[in-house]
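In what follows, a structure is listed as structure tokens, so that the remarks can point back to it.
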Amino acid sequence: MMNRERLTSGLEMMGVAFDQTAIERFEAFHAILDEYNQKMDLTAVLDEDERIDRHDLDSAAPLAKGLLLPDSKVIDVGTGAGFPGMPLLILRPDLKMTFLDALNKRILFLEDALRRLGLKAETLHARAEDAARMPAHREMYDAAVSRAVASAAVLQELTLPFVRQGGTAIAWKGPGVQDEMVAAKRAAFVLGGTVRGVESAPVPRRDDWAHCLLITDKTGKTPKAYPRKAGTPNKKPLA
Ligand code: SAM
């Protein structure tokens, strides 16, 4: 059983608003994750408190900072089992969320979970490099979010092409982010972005984690040459 008190007190400590429906949906989502984890390798199996901290509370970080405006159109690039996208949508059902992953079994899981939770969202089985060239997705989002997918410079190429001018790309990072900043700034510059900075994103009761968000503003258009073909951003990072 999910420890409701840990989740609700954690959200309160972060200053993130929630209602009873959200808590019930978190509980249902955990149960669906457990069900799938028994038949496939979806997420690392964590104890229940760590799952709340590592997945649910960590994913909610941009809400604590007011980074996602009402009704924003958001894409979660490399969502895996739905992080950070699913906690964001559970807490903010007004968001128009697109879940993107290159692995179809994860997309099928998310479609089932969304249906069972009574949430509406778009799912996309594709490589980010390919999807960002599709007119329906290129520069169509107010924000792109991404956690644990690639280095900061590579992530810029996987996320910024989805973001409209005036929007933001938000990458979840750990204490090593400062070592990635020069490369992240150079890559952003090439892709029509400007790094705004790094904001600490503490998870309640986990003072040793030092999680943070790398925030990049989309200040210009992404040149047509980007993203490069699938696999190239990882093999030859821009910076
Ligand atoms: N974001 C989730 C999280 O924080 O738990 C999942 C992280 S998992 C380590 C990385 C995910 O990114 C995998 O599901 C993988 O399929 C996806 N991924 C990696 N590169 C990708 C790409 N170029 N396009 C789409 N998905 C990608």
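Both ligands and their constituent atoms are indexed starting at 1 by order of listing.
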Hey, are Arg205 and Ser9 close enough side-chain-wise for a donor-acceptor pair under 3.5 Å? yes
For ligand 1, protein residues within the heavy-atom limit of under 4.0 Å are Gly78, Thr79, Gly80, Phe83, Leu100, Asp101, Ala102, Arg106, Ala126, Arg127, Ala128, Glu129, Arg147, Ala148, Val149
Does any non-hydrogen side-chain atom of Ile32 lie less than 4.5 Å from one of Leu117? yes
Could you tell me whether Lys39 sits above the aromatic face of Tyr36, with NZ or CZ closer than 6.0 angstrom to the six-membered ring centre and within 45 degrees of the axis? yes
Under the ring-ring contact (aromatic ring centres under 6.0 Å, His included) test, which residues partner His211, sequence neighbours left out? Trp209
Hey, can you tell me if Phe83 and Phe29 have their rings parallel, tilted or perpendicular (30° and 60° cut-offs)? tilted
Tell me which one of Lys218, Lys73, Arg164, Lys96 satisfies side-chain hydrogen bond (donor to acceptor under 3.5 Å, both in side chains) with Asp142. Arg164
